[in-house]
Amino acid sequence: MARKPKTGPASDPELLILASLASGPKHGYAIMTDVDNFAGVELGPGTLYTAITRLVEKKLIAPQSPAGRQRPYKLTAEGAAALKAQLKSMRRVASVGLRRLSPV
């Protein structure tokens, strides 16, 4: 059984949200649209806001002042570091997998 990372994002939705916020603050609907555009993944509102709550609790993202009815979120420095570390790890795994699939 795979173990969850001890720090940083613990799920795919969390990772996708962090990646979305890496380009700047966004509110929930903008995050959903962005994730769908760059990853082809549709996050439902329940999945999105559950993951946002966990990310806020971990201090990887922070809520901003509401703009009307919408509350934007921004990536924290800790969140950026966690995202970078996770993406580097994923790059290593992808590199090994691709190498092993290449014909000899």
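In this structure, P45 and M32 approach most closely via the heavy-atom pair N-SD, 4.1 Å. Contact between L48 and G28 at its shortest, heavy atoms only, is CD2-O, 3.4 Å. When all heavy atoms of A51 and P13 are compared, the pair lying nearest together is CB-CB, 4.1 Å. For the pair A22 and L83, the tightest heavy-atom approach, listed with the atom from each and the gap, is CB-CD2, 4.0 Å.
A donor atom on one side chain and an acceptor atom on the other are not found under 3.5 Å apart for R54 and T50.
In this structure, the side chain of T76 does not engage the main chain of A62 through any donor-acceptor pair within 3.5 Å. Under a 3.5 Å cut-off, the side chain of R71 and the backbone N or O of S65 do not form any donor-acceptor pair.
In this structure, L43 and I17 have side chains that are in contact, with non-hydrogen atoms separated by less than 4.5 Å. Between I31 and I52, the closest side-chain pair of non-hydrogen atoms falls below 4.5 Å. In this structure the side chain of V56 reaches within 4.5 angstrom of the side chain of P63, judged on heavy atoms.
For the side chain to side chain donor-acceptor pair (under 3.5 Å) condition, the pairs that include at least one residue of residues 30-49, sequence neighbours left out, are S20-D34.
The distance from the OH atom of Y73 to the CG atom of L21 is 10.0 Å, given to the nearest 0.5 Å. Atom CZ of R91 and atom CD of Q86 lie 12.5 Å apart (nearest 0.5 Å). For the atom pair L55 CG and L15 CG, the distance stands at 9.5 Å (nearest 0.5 Å).
Salt bridge status for E78 with K58: absent, with no side-chain N to carboxylate O gap under 4.0 Å.
A 6.0 Å sphere centred on OH of Y29 holds no more than 12 heavy atoms belonging to other residues, nucleotides or ligands.
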* **Working for side chain to side chain contact (heavy atoms under 4.5 Å, CB included), residues V41 and L16** => CA-CA 9 Å; V41 174; L16 293 170; 3.9 Å; yes
